[in-house]
Enquirer: 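Got a structure for you, written out below as structure tokens; questions coming shortly.
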Amino acid sequence: MASKMVMNEQIKASEVVLKGLDGENLGVVEREEALRLARELGADLVCDNLMSSPPPCRLVAKGNARREREKQQQEERKAQGGGKLKEIRLTPAIEDHDYDTKLRSAEKLLKDGNRVLLSVQAKGKEGAKAKELLERMLADLAGTGRKTTGIQVSGKGAAVEVAPL
């Protein structure tokens with residue numbers, strides 16, 4: 001996750017690579033000059049990367065920097081597949097209508113940002129059939145989700161975890 005945002009007087013470097021409000025490159029400028037320019041334009045000076053020398057900074061309209069960072073963090077959390085894990089249970093002898101219902105349910109959960117654990121309870125020698133069912137389900141869910149684990153087959157069933165795209 002991104003660390004605390006460094007802006008305005010918190011920037012300690014003597015020189016910065018500055019970009020203007022519209023993204024135009026203003027070159028390497030002293031920190032005091034960059035802060036003065038930010039005050040004149042009613043903007044914040046935001047540092048993008050403290051690890052480089054001189055650090056790249058940009059002018060952002062007053063107050064937009066925090067909103068921008070919060071939005072970026074929210075997108076990062078969403079990209080990590082942070083939703084809750086929901087389980088959908090199937091049986092190897094599932095009827096077509098029931099399969100379609102479970103498929104729609106899984107698609108809805110994935111579109112809502114949740115991860116889905118597809119598990120098949122098998123009896124006796126139905127292990128191969130359970131794996132085939134999960135492979136079929138994964139193929140049908142290819143447009144809305146991707147598997148994060150391989151299909152795990154145990155003695156009495158199989159399971160696979162799917163995350164939203």
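All values derive from a computational prediction rather than experimental measurement.
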Enquirer: Measure the spacing between NZ of Lys129 and NZ of Lys123 and express it to the nearest 0.5 Å.
Expert: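 Answer rounded to 0.5 Å: 12.5 Å.
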Enquirer: Regarding Lys102 and Asp98, does a basic nitrogen lie under 4.0 Å from an acidic carboxylate oxygen?
Expert: no
Enquirer: With no hydrogens and no angle check, is any side-chain donor or acceptor of Glu33 less than 3.5 Å from a backbone partner on Glu30?
Expert: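 Not confirmed, Glu33 side chain does not pair with Glu30 backbone.
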Enquirer: Quick check: closest heavy atoms across Leu21 and Ala43, and the distance to 0.1 Å?
Expert: CD2-CB, 3.9 Å
Enquirer: Does one hydrophobic cluster hold both Val17 and Val6, with members joined at side-chain heavy-atom distances below 4.5 Å?
Expert: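 In one cluster with Val17: Val6, no.
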Enquirer: Please determine whether side-chain contact (heavy atoms from CB on, under 4.5 Å) holds for the pair Leu37 and Val29, giving the CA-CA distance in whole Å, both sets of side-chain angles, and the decisive distance to 0.1 Å.
Expert: CA-CA 10 Å; Leu37 188 59; Val29 208; over 6 Å; no
Enquirer: Closer than 3.5 angstrom, by distance alone: can the side chain of Asn8 be matched with the main-chain N or O of Leu45 as a donor-acceptor pair?
Expert: yes
Enquirer: Determine whether Leu109 and Leu165 fall in the same hydrophobic cluster, where Ile, Leu, Val, Met, Phe, Trp and Tyr are linked whenever their side-chain heavy atoms lie under 4.5 Å apart.
Expert: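 Leu109 does not cluster with Leu165.
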Enquirer: If you count every heavy atom of other residues, nucleotides or ligands that lies below 6.0 Å from Glu24 atom CD, does the total exceed 12?
Expert: yes
Enquirer: With hydrophobic residues grouped by side-chain heavy-atom distances under 4.5 Å, do Ile88 and Leu117 end up in a single group?
Expert: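 No.
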Enquirer: Taking C-beta and beyond as the side chain, do Leu110 and Pro164 meet within less than 4.5 Å on heavy atoms?
Expert: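 Yes. Closest side-chain heavy atoms under 4.5 Å.
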Enquirer: Under 4.0 Å between a Lys/Arg side-chain N and an Asp/Glu carboxylate O for Arg104 and Glu107?
Expert: no
Enquirer: Give the minimum heavy-atom separation between Gln152 and Thr149, together with the two atoms involved.
Expert: NE2-CB, 4.0 Å
Enquirer: With side chains defined as the heavy atoms from C-beta onward, is the minimum distance between Gln10 and Met7 less than 4.5 Å?
Expert: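 Touching, per the 4.5 Å side-chain cut-off.
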Enquirer: Say whether Leu85 and Val120 are linked into one hydrophobic cluster, either directly or through other cluster members, by side-chain heavy-atom distances under 4.5 angstrom.
Expert: no
Enquirer: Between Ala38 and Asp44, which heavy-atom pair has the shortest distance, and what is it?
Expert: CB-C, 4.4 Å
Enquirer: Look only at the side chain of Glu70 and the backbone of Arg67, and say whether a donor-acceptor pair between them is shorter than 3.5 Å.
Expert: no
Enquirer: Looking only at non-hydrogen atoms, find the nearest pair between Glu126 and Pro92 and report the distance.
Expert: OE1-CG, 3.6 Å
Enquirer: Hey, are Glu32 and Arg39 close enough for a salt bridge, meaning a charged N less than 4.0 Å from a carboxylate O?
Expert: no
Enquirer: Let me confirm one number: the CZ-CG distance from Arg58 to Leu26, rounded to the nearest 0.5 Å.
Expert: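 Here the interatomic distance stands at 13.5 Å.
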Enquirer: Under a 3.5 Å distance rule, please check whether Arg89 uses its side chain to pair with a backbone N or O of Gln121 as donor and acceptor.
Expert: no
Enquirer: Are the side chains of Leu103 and Leu141 in contact, using a 4.5 Å heavy-atom criterion?
Expert: yes
Enquirer: Measure the NZ-NZ distance between Lys111 and Lys108 for me, rounded to the nearest 0.5 Å.
Expert: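 One finds 10.5 Å between NZ of Lys111 and NZ of Lys108.
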Enquirer: Just how far is it from atom CG of Leu59 to atom CG of Asp22, taken to the nearest 0.5 Å?
Expert: 10.0 Å
Enquirer: Which heavy atom of Arg31 sits nearest a heavy atom of Lys12, and at what distance?
Expert: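 So the minimum-distance heavy-atom pair works out to CD-C, 4.4 Å.
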Enquirer: Taking side chain as C-beta onward, heavy atoms only, is Arg115 less than 4.5 Å from Thr148?
Expert: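 No, every pair of side-chain atoms sits at 4.5 Å or beyond.
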Enquirer: Rounded to the nearest 0.5 Å, what separates atom CG in Leu118 from atom CD in Glu161?
Expert: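 Here the interatomic distance stands at 9.5 Å.
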Enquirer: Starting at CE of Met137, measure out to CD1 of Ile94 and round the result to the nearest 0.5 Å.
Expert: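 Rounded to the nearest 0.5 Å, the CE-CD1 separation comes to 6.5 Å.
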